[in-house]
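Take a look at the structure set out below.
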Protein chains: 2
Amino acid sequence: MSLIDKLERFLSTRGLKMTSQRKVILETLESIPYHVTLDELLVAVQQNRSGVGQATIYRTMKLFVEAEIVEEHRFDDGITRYEIYEEGEHHDHLICLSCGKIIEFEDELIEERQNAIAEQFGIRITTHKMELYGHCVDIKACRAHKQNS
Amino acid sequence: MSLIDKLERFLSTRGLKMTSQRKVILETLESIPYHVTLDELLVAVQQNRSGVGQATIYRTMKLFVEAEIVEEHRFDDGITRYEIYEEGEHHDHLICLSCGKIIEFEDELIEERQNAIAEQFGIRITTHKMELYGHCVDIKACRAHKQNS
DNA sequence: GTGCTTGCAAACTGTTTGCAACTAA
DNA sequence: TTAGTTGCAAACAGTTTGCAAGCAC
């Protein structure tokens, strides 16, 4: 099922409407690699269709989060980023504080352990957030990555 | 070494000054249990000594973070919280989304695993953040906790 | 036509900053 | 005396919201 279909389905179950803005935003999102900033998204969307207000982007992204079309991340720099949500594909993040590179990873062992710990404290986990911050060991590649972003 | 001593030492190494505001803020912090909000702290400080501006609280907390007197946490509700820093006592957080209870925990196994993963991706970890969000299994206790906060 | 959506600008929240007065050393 | 510090208010960044006009169904 394409994301447009997913969106259409979501909207109709709620009595909401499909609009050209929502379509453009979704298409733009799909064309951009992971972890877009709202600002980046705004600029990109306006290249596809000028006159889309930023309030619309904000509202639409909240809607997309509800529709499970995107996932929202707020890392320590305070800037909210979005990426397309993949069913059952939870992952965590590894972030280089020098160059800003964001790496995704997944670890079965840690997840299990988290659940065990939570259970021990009488809490059932619904979501979690794990971010590892550090610095690239390869200084050259790090510097190069910084230039490009 | 008391925290006041620690602060004094930190200030002198930087050529900064001890002031009555810094003293009051630190004393107030020590009298409050974990995870204070800036607002809560402001109110509490002003009960001890009126006329302390909120800008001073903000500036002082940043200073205390640098001095390793407090630790700063920004959980998903977007509100920054502080707690007194304990040397070598890193811990993560388990948060009930129903009642707001915050539990601290520490897990050697997870930490090791995190380092292994980071190394694999060529990054040396300096800090990390792990927050587990869920709901208390004991509904009664949960409701009671919510009342009190 | 009805009611959801949009763009704009204004409002809001949490935080930072410029500045003149003040104070620790 | 002199440089750091404070309180105030204004500035800021990111986000939300009220509203009249516009558009999907």
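Numbered from 1 within each chain, the chains take letters A, B, ... in sequence-line order.
Within the nucleic acid shown, A:L38 comes within 4.0 Å of sugar-phosphate atoms alone, with no base atom in reach, counting heavy atoms only.
Taking every nucleotide of DNA chain D with any atom under 4.0 Å from a non-hydrogen atom of chain A, the first and last of them, 5' to 3', are D:dG14 to D:dC25.
Side-chain atoms of A:R9 never come within 3.5 Å of backbone atoms of A:I4 as a donor-acceptor pair (strictly under, hydrogens ignored). In this structure, the side chain of A:T56 does not engage the main chain of A:V52 through any donor-acceptor pair within 3.5 Å. In this structure a side-chain-to-backbone donor-acceptor pair under 3.5 Å is present from A:T126 to B:Y133.
Two end axes, each from the C1' atoms of five base pairs, can be drawn for the helix from C:dG1-D:dC25 to C:dA25-D:dT1; they diverge by 30°, to 10 degrees.
Put simply, the residue from A:E83, A:R81, A:K129, A:E131 that forms a side chain to side chain donor-acceptor pair (under 3.5 Å) with A:H73 is A:E83.
Only B:G15, B:L16, B:K17, B:T19, B:Q21, B:R22, listed by number, bring a heavy atom of residues 15-26 of chain B to less than 4.0 angstrom from any atom of DNA chain D. Heavy-atom distances under 4.0 Å link DNA chain D to A:Q54, A:A55, A:Y58, A:R59 of residues 48-61 of chain A, given in residue order. Using a 4.0 Å cut-off on heavy atoms, none of the residues of residues 3-12 of chain B approach DNA chain D.
Annotation: side chain to side chain contact (heavy atoms under 4.5 Å, CB included) contacts of B:E30 (sequence neighbours excluded): B:L3, B:L26, B:I84.
For the atom pair NE2 (A:H145) and OG (A:S98), the distance works out to 11.5 Å, reported to the nearest 0.5 Å. A:L41 contributes atom CG, which lies 5.5 Å from atom CE of A:M61 (distance to the nearest 0.5 angstrom).
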Practice item. I would like to know whether A:Y82 and A:V65 meet side chain to side chain contact (heavy atoms under 4.5 Å, CB included); could you show each step before the answer? Key: CA-CA 9 Å; A:Y82 293 91; A:V65 169; 3.9 Å; yes

**Study point:** Check against salt bridge (Lys or Arg N to Asp or Glu O under 4.0 Å), B:K62 and B:E72
**Key:** CA-CA 9 Å; B:K62 279 181 69 175; B:E72 191 181 82; over 6 Å; no

Exercise for review: Go through B:M130 and B:Q114 one step at a time and tell me if the side chain to side chain contact (heavy atoms under 4.5 Å, CB included) criterion holds.
Suggested key: CA-CA 11 Å; B:M130 179 162 66; B:Q114 288 173 336; 4.2 Å; yes

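Salt-bridge annotation for A:D76 and B:R74: absent, with no side-chain N of the basic residue lying under 4.0 Å from a carboxylate O of the acidic one.
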